[in-house]
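Below, all heavy atoms of this structure are taken into account, side chains as well, without hydrogens, waters or symmetry copies. These numbers were taken from a predicted model, which means no experiment stands behind them.
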Amino acid sequence: MQPASVSHQASRRTALRLLALLGFTALAGKVQAAAPGWPEQAFQQKTDDDALKLLYGKPMEVSDKVTLDVPEIAENGAVVPVSVSTTLPNVTRITILVPENPSALAASYKLADGAMPSVGCRLKMAKTSNVVAVVESDGRLYSASKEVKVTLGGCGG
Amino acid sequence: MASTIRVRAQANGTSTDVQALIQHPMDSGFVKDANGAVIPPHHIETVTFEYGGKVVLHADWGPAVSKDPYVKFSFKGGAKGDPLVVTWVDNLGKTDTVTAKIA
């Protein structure tokens with residue numbers, strides 16, 4: 001039984017490697033109805049720059065007033081806790097991106113007047129990557145980024 | 001059917017802390033099942049939190065949000081017993097909504 005299980009593992013590994021490639025191609029050709037107001041185009045972009053261009057279309061600056069709270073090392077890339085908060089005034093939107101994921105844009109939160117400029121959620125990460133938080137305050141963009149080391153990718157399910 | 005949304009909203013005088021947990025597979029479309037078939041994308045696209053007839057938080061989510069998503073935020077105001085309406089819509093047009101009471 002031993003050799004059989006070893007070869008099974010090896011083929012599973014190859015399959016996993018392949019599926020990353022195949023999944024990509026499958027998604028690229030897909031057209032689906034999106035929820036009203038959902039920025040479908042932005043979510044399809046592969047790089048953070050392209051996604052941000054579609055979402056905001058304006059320049060941003062790095063700010064130490066944006067606090068990004070992520071673990072240094074994530075053992076399980078399927079569940080990475082991320083929270084973003086800021087001391088900047090009049091925050092209207094908080095966006096979180098993972099540039100190394102198949103599509104960079106992960107989540108975007110629109111905040112009403114009364115909402116505190118702080119959100120937390122859990123994200124999947126395919127591999128070790130920076131996590132970028134972009135805060136829109138008084139119509140201007142401020143960002144912060146931090147690297148999260150992923151020991152087990154979250155795209156393999 | 002039991003609701004897919006669990007909400008805990010706690011008023012603490014000046015503001016309300018909200019935590020929500022939604023049951024959803026959040027399939028990204030990058031994963032294959034045991035037979036090698038691609039599991040089609042099935043993920044939540046938008047979640048809204050409504051208080052006092054106003055959307056206090058609108059979330060746009062991509063497939064990178066984890067399975068059984070969790071979200072935490074807070075807003076100014078909110079009193080004990082007030083309703084907070086949480087609604088999600090996914091890419092297949094499915095939706096669920098729940099009215100939670102602020103505690």
Practice problem: Output the distance between atom CG (B/Asp60) and atom NZ (A/Lys110), rounded to the nearest 0.5 Å. | Solution: 5.0 Å

Quiz prompt | Residues of residues 80-88 of chain B contacting chain A, heavy-atom criterion under 4.5 Å, by residue number | solution = none

Quiz item: Are more than 12 heavy atoms from other residues, nucleotides or ligands located less than 6.0 Å from atom CD of A/Glu147?
Solution: yes

Quiz item: Can you check whether B/Val71 reaches A/Tyr109 side chain to side chain, under 4.5 Å on heavy atoms?
Solution: yes

Quiz item: How about A/Lys53: does its NZ atom have over 12 heavy atoms from other parts shown lying under 6.0 Å from it?
Solution: no

Self-check item: Between B/Gly62, B/Ala59, B/Ser66, B/Ala64, the one whose heavy-atom pairs under 4.5 Å with chain A are most numerous
Solution: B/Ser66

Quiz item: Nearest heavy-atom pair of B/Val65 and A/Ala106: which atoms, and what distance?
Solution: CG2-O, 3.7 Å

Quiz prompt | chain B contact via A/Val98 - side chain, backbone, both or neither, heavy atoms under 4.5 Å | solution = neither

Quiz item: If you draw a 6.0 Å radius around NZ in A/Lys146, do more than 12 non-hydrogen atoms from other residues or ligands fall strictly inside?
Solution: yes

Practice problem: Enter the distance from A/Arg122:CZ to B/Leu21:CG here, rounded to the nearest 0.5 Å. | Solution: 6.0 Å

Self-check item: CG (A/Asp138) with more than 12 external heavy atoms under 6.0 Å
Solution: yes

Quiz item: Once you round to the nearest 0.5 Å, how far does OH of B/Tyr70 lie from CG of A/Leu123?
Solution: 13.0 Å

Self-check item: Partner chain A: residue of B/Thr95, B/Asp68, B/Val56 with the largest heavy-atom pair count (under 4.5 Å)
Solution: B/Val56

Practice problem: Go through the atoms of A/Ser118 and report whether side chain, backbone, both or neither lie under 4.5 Å from a heavy atom of chain B. | Solution: backbone

Quiz item: Does B/Trp61 offer a backbone N or O that forms a donor-acceptor pair with the side chain of A/Trp38 under 3.5 Å?
Solution: yes

Quiz item: Do other residues, nucleotides or ligands put more than 12 heavy atoms under 6.0 Å from the CD atom of A/Glu72?
Solution: no

Quiz item: If you draw a 6.0 Å radius around CZ in A/Arg140, do more than 12 non-hydrogen atoms from other residues or ligands fall strictly inside?
Solution: no

